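What you are looking at is a predicted structure, and each value in this text was computed from that prediction instead of being measured. Counting starts at 1 for both ligands and their atoms, following the listed order.
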Amino acid sequence: MHEYSIAYDLYATAKKAALDHHATQVKKISVDVGKMAMVNPEQVIFLFDMIKEDDPLLKTAVLNCADVEPETKCHCGYAGNEIYVCPLCGALPEVVRGREIVVTNVEIEVAD
Ligand SMILES: [Zn+2]
């Protein structure tokens with residue numbers, strides 16, 4: 001399942017960040033989800049919650065997904081949000097942003 005591997009990747013990324021920083025707890029993970037990534041954020045959050053259950057380090061972590069609008073450009077010079085047809089020349093624009101799933105921030109708690 002597509003969403004499951006994404007949820008697991010996010011879990012693994014947060015876990016690694018936590019271990020690298022000797023965290024006692026992961027509080028929040030912020031993720032940018034491109035609207036063209038073909039992913040259902042609610043399902044990713046649901047699966048993430050299932051995966052983190054057994055991990056004391058991430059048990060209370062909240063996954064926060066932000067929608068990212070697609071950005072495209074065309075060889076004619078057009079740059080905007082049209083993903084199918086360039087409004088200037090009618091060609092198929094190139095997607096420069098909006099397909100990616102990126103962890104933007106991992107909030108952790110560190111013991112003193
Ligand atoms: Zn064009």
Side-chain angles (χ1 to χ4, degrees):
M1 197 177 4
H2 190 48
E3 268 87 0
Y4 186 86
S5 60
I6 291 163
Y8 194 87
D9 270 1
L10 295 174
Y11 163 79
T13 303
K15 172 108 179 167
K16 188 179 178 305
L19 293 175
D20 283 354
H21 295 92
H22 308 287
T24 52
Q25 200 83 60
V26 176
K27 290 161 81 179
K28 192 170 143 192
I29 302 143
S30 302
V31 187
D32 277 356
V33 179
K35 282 200 166 163
M36 290 180 74
M38 302 301 190
V39 163
N40 178 349
E42 270 128 67
Q43 206 171 356
V44 173
I45 292 168
F46 174 78
L47 292 164
F48 176 83
D49 284 345
M50 269 173 39
I51 296 166
K52 75 173 193 189
E53 268 296 289
D54 298 327
D55 193 326
L57 203 54
L58 279 98
K59 217 174 166 52
T60 58
V62 175
L63 188 65
N64 197 338
C65 292
D67 280 346
V68 174
E69 293 292 337
E71 270 174 37
T72 59
K73 66 171 186 190
C74 181
H75 56 79
C76 73
Y78 166 80
N81 312 103
E82 294 298 328
I83 55 174
Y84 299 115
V85 178
C86 170
L88 299 183
C89 74
L92 181 71
E94 184 195 333
V95 177
V96 289
R97 197 161 170 243
R99 277 207 185 99
E100 65 286 316
I101 297 167
V102 187
V103 175
T104 54
N105 192 39
V106 180
E107 237 175 79
I108 54 172
E109 219 166 73
V110 185
D112 331 295

Angle between ring planes, Y8 versus Y11, binned at 30° and 60°: parallel, tilted or perpendicular?
tilted

Co-members of M36 in a cluster of I, L, V, M, F, W and Y side chains, linked at under 4.5 Å
I83, Y84, V85, V95

Around the Zn ion (ligand 1), list the protein N/O/S atoms within a radius below 2.8 Å, excluding water molecules.
C74 SG, C76 SG, C86 SG, C89 SG

Keeping S30 on the side-chain end and T104 on the backbone end, is there a donor-acceptor pair under 3.5 Å?
no

Can you tell me which residue among V102, I101, D32 is in a side-chain contact (heavy atoms from CB on, under 4.5 Å) with V68?
D32

Under the salt bridge (charged side-chain N to carboxylate O under 4.0 Å, His left out) rule, what pairs show up with a residue in residues 34-49, not counting sequence neighbours?
K35-E69, D49-K52

Using the salt bridge (Lys or Arg N to Asp or Glu O under 4.0 Å) criterion, which residues pair with K73? Sequence neighbours excluded.
none

